[in-house]
Amino acid sequence: GEDVEQSLFLSVREGDSSVINCTYTDSSSTYLYWYKQEPGAGLQLLTYIFSNMDMKQDQRLTVLLNKKDKHLSLRIADTQTGDSAIYFCAERRNNDMRFGAGTRLTVKP
Amino acid sequence: KAGVTQTPRYLIKTRGQQVTLSCSPISGHRSVSWYQQTPGQGLQFLFEYFSETQRNKGNFPGRFSGRQFSNSRSEMNVSTLELGDSALYLCASSLVTGSSEAFFGQGTRLTVV
């Protein structure tokens, strides 16, 4: 089973903000990631954050990291229908990455 | 700059056969990792290669093996296929082991019948 946990589903209205949450277990993880997967496709790297940072912003995406609680979140501002996909949180431990089960984001018009 | 290329995209094999999947990383990247994605188990790490050496291995049986060539291209092989090996196999490319950025290919969808 995964050591990285995410809620499985999130539904928002177009134009609203989406917040996808994740908890991880290894405090020694160096990097934490958010990937997006659309149907039939591979994983697209959206953003990542180094473990000694607590926030990173990249256009519509904001990543927040609470290292004490081992909690990571991804906020998507002004969510669009094209943002509908599965979002995976991942932690890098040594030479491998551990993924959550993915959160399916549905954006309703 | 070309992305990560995995071939073939789709494959159908029968139980007991073996299969070889290929991954060409981004030019200049020397680390290649392989993952198996299934609906039941999610994304699971198989192994990582860097400079033609396996650096780390996940919890998979010995039927799963891989190698990396001097041009950083990697292959993974699955012998004596089982129905449960049906999955999307994804390859990730990084500059070096433990790099901040890991880019994935489109994957190879393997179906075992």
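Within every chain, numbering begins at 1; the chains are lettered A, B, ... in the order of the sequence lines, protein sequences first and strands thereafter.
- If you take CZ on Phe99(A) and CD on Gln44(B), they are separated by 11.5 Å, rounding to the nearest 0.5 Å.
- At distances below 3.5 Å, not a single donor-acceptor pair connects side-chain atoms of Tyr35(A) with backbone N or O atoms of Phe103(B).
- Between the Tyr48(A) side chain and the Ala102(B) main chain, no donor and acceptor come within less than 3.5 Å of each other.
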Q: Given side chain to side chain contact (heavy atoms under 4.5 Å, CB included), test Gln37(A) with Leu88(B) step by step and report yes or no.
A: CA-CA 12 Å; Gln37(A) 187 176 38; Leu88(B) 180 67; 3.8 Å; yes
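- Under the 4.5 Å side-chain heavy-atom criterion for ILVMFWY residues, a single connected hydrophobic cluster contains both Phe104(B) and Phe88(A).
- With a 4.5 Å cut-off on non-hydrogen atoms, Ser94(B) touches chain A through its side chain but not through its backbone.
- Residues Asp96(A) and Tyr35(B) share a closest heavy-atom pair of C-OH, 4.2 Å.
- When all heavy atoms of Arg9(B) and Gly40(A) are compared, the pair lying nearest together is NH2-O, 3.5 Å.
- Residues Leu64(A) and Leu32(A) do not share a hydrophobic cluster, defined by chaining ILVMFWY side chains whose heavy atoms lie under 4.5 Å apart.
- Residues Val63(A) and Leu43(A) are members of one and the same hydrophobic cluster, defined by side-chain heavy-atom contacts under 4.5 angstrom among Ile, Leu, Val, Met, Phe, Trp and Tyr.
- Your options are Glu101(B), Gln6(B), Lys57(B), and the one with the most heavy-atom pairs under 4.5 Å with chain A is Glu101(B).
- Summarising the geometry, atom CE belonging to Met97(A) is positioned 13.0 Å from atom CG belonging to Asn56(B); distances are rounded to the nearest 0.5 Å.
- For Gln37(B), the part lying near chain A is the side chain, with the backbone staying farther off; criterion is any non-hydrogen pair under 4.5 Å.
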